[in-house]
Participant: 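Below is one structure. I have some questions about it.
Here the structure is a predicted model, which is why all the values come from computation and not from measurement. Along the sequence shown, the residues carry numbers beginning at 1.
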Amino acid sequence: MRLTPARFFGFWATLFALVFTLSSCSDDLDVQQSYPFTVEVMPYAEKIVKGQTVELRFEIQPEGNYTNTLYTIRYFQYDGEGTLKLVDGPVLVNNDRVLLESKTFRLNYAAQSSDAHKFLVVVEDLCNGQHTSSNVAMTFMFNSASNDE
């Protein structure tokens, strides 16, 4: 068999492709750290007056049965003045994460102004920095109501 330049080049190209393909495989197990989930919110009053508190009830529903999954909550208020507090927990600070102790939780929003109120609540799964976390963002709006209603 005669070795031509085309056969010589073809042999080395095939060998290089084979070595590259086999060396790029990894035996490491890819462990999923972030899992899809939804958050169910029970119906709530849409009007609020200054000094009134509205309770918001939540339930995190993972798309599978996973153990040791942790969730955090944070919020950002766009309009109005008020406080958001975890029932039996701390008052939330704008855009600070707080660890949730359960997949079911309640928040109390207390209006401190008679304006309309609008804020964003974000629930995230807590995973290490190597993986992207899943999150669910929900916007809540309360129109102002007069004290006569």
Side-chain angles (χ1 to χ4, degrees), residues 10-149:
F11 169 77
W12 284 107
T14 304
L15 183 63
F16 176 76
L18 185 62
V19 168
F20 179 76
T21 303
L22 294 177
S23 66
S24 66
C25 294
S26 173
D27 291 335
D28 294 337
L29 180 62
D30 185 21
V31 177
Q32 186 172 351
Q33 297 289 325
S34 178
Y35 305 100
F37 65 95
T38 58
V39 178
E40 182 180 324
V41 181
M42 297 299 293
Y44 57 91
E46 294 180 1
K47 292 189 176 189
I48 194 168
V49 296
K50 182 178 180 178
Q52 182 181 5
T53 298
V54 173
E55 183 178 77
L56 304 169
R57 294 177 181 225
F58 299 83
E59 183 176 351
I60 298 171
Q61 299 176 334
E63 291 186 10
N65 189 11
Y66 308 109
T67 58
N68 300 327
T69 303
L70 300 175
Y71 298 94
T72 62
I73 187 170
R74 62 188 168 99
Y75 92 106
F76 181 78
Q77 185 146 9
Y78 295 101
D79 292 324
E81 289 182 35
T83 58
L84 193 62
K85 179 185 184 313
L86 276 164
V87 173
D88 301 325
V91 172
L92 300 179
V93 177
N94 223 9
N95 228 12
D96 278 1
R97 286 185 176 89
V98 173
L99 185 64
L100 292 170
E101 295 180 10
S102 173
K103 290 181 185 166
T104 58
F105 60 96
R106 295 176 293 154
L107 296 173
N108 283 338
Y109 180 76
Q112 296 175 343
S113 70
S114 55
D115 302 327
H117 302 263
K118 183 177 178 183
F119 54 91
L120 176 74
V121 173
V122 180
V123 177
E124 297 174 294
D125 68 342
L126 187 65
C127 59
N128 62 33
Q130 297 175 357
H131 301 278
T132 304
S133 65
S134 298
N135 70 60
V136 174
M138 301 157 285
T139 301
F140 294 89
M141 294 181 278
F142 297 100
N143 294 319
S144 61
S146 68
N147 290 326
D148 321 321
E149 296 180 43

Participant: Please round to the nearest 0.5 Å and tell me the distance separating atom CG of L84 and atom CZ of R74.
Facilitator: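 It comes to 13.5 Å.
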Participant: Please round to the nearest 0.5 Å and tell me the distance separating atom OG of S102 and atom CD of E59.
Facilitator: 8.5 Å
Participant: Begin from the C-alpha positions of R106 and D88 and carry the test side chain to side chain contact (heavy atoms under 4.5 Å, CB included) through to its verdict.
Facilitator: CA-CA 9 Å; R106 295 176 293 154; D88 301 325; 4.2 Å; yes
Participant: Does atom CD of Q112 have more than 12 heavy-atom neighbours from other groups under 6.0 Å away?
Facilitator: yes
Participant: Does E46, at its CD atom, have more than 12 non-hydrogen atoms belonging to other residues, nucleotides or ligands within less than 6.0 Å?
Facilitator: no
Participant: Do the side chains of E40 and M42 get nearer than 4.5 Å, heavy atoms only?
Facilitator: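 Yes - at least one pair of side-chain heavy atoms lies under 4.5 Å apart.
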Participant: So, taking the atom named OG1 in T139 and the one named CG in L120, what distance separates them when rounded to the nearest 0.5 Å?
Facilitator: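 Spacing of OG1 (T139) from CG (L120) equals 5.0 Å.
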Participant: To check you understand the geometry: which heavy-atom pair defines the closest contact between V39 and I60, and what is its length?
Facilitator: CG2-CG1, 4.3 Å
Participant: Are Y44 and F140, when compared by the centres of their aromatic rings, separated by less than 6.0 Å?
Facilitator: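 Yes - the distance between ring centres of Y44 and F140 falls below the 6.0 Å cut-off.
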Participant: Looking at D125 and S134, would you say the former's side chain and the latter's main chain have a donor-acceptor pair under 3.5 Å?
Facilitator: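 Looks like yes, one N/O pair under 3.5 Å.
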Participant: Could you measure the distance from the CG atom of L100 to the CZ atom of F105? Nearest 0.5 Å is fine.
Facilitator: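 Here the interatomic distance stands at 5.0 Å.
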Participant: Less than 4.5 Å apart, any side-chain heavy atom of M138 and any of F58?
Facilitator: yes
Participant: To the nearest 0.5 angstrom, please state how far the OH atom of Y109 sits from the CZ atom of F142.
Facilitator: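 So the gap between those two atoms works out to 7.5 Å.
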Participant: Which heavy-atom pair separates D115 from G80 by the least distance, and what is that distance?
Facilitator: CB-CA, 4.4 Å
Participant: Taking the side chain as C-beta and beyond, is there a heavy-atom pair between T69 and P62 under 4.5 Å?
Facilitator: no
Participant: Roughly how far apart are T53 OG1 and L107 CG, rounded to 0.5 Å?
Facilitator: 12.0 Å
Participant: Quick one: do D79 and H117 satisfy side chain to side chain contact (heavy atoms under 4.5 Å, CB included)? Show the steps, please.
Facilitator: CA-CA 5 Å; D79 292 324; H117 302 263; 5.9 Å; no
Participant: Using a 4.5 Å cut-off on heavy atoms from C-beta on, say whether the side chain of V123 contacts that of N135.
Facilitator: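 Not in contact.
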Participant: State whether the side chain of S113 and the backbone N or O of E81 hold a donor-acceptor pair below 3.5 Å, judged by distance alone.
Facilitator: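 Judged by distance alone, yes, a pair lies under 3.5 Å.
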Participant: Below 4.5 Å, heavy atoms only, C-beta onward: do I73 and Y71 meet side chain to side chain?
Facilitator: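 The answer is no, as the side chains (C-beta and beyond) never meet within the 4.5 Å cut-off.
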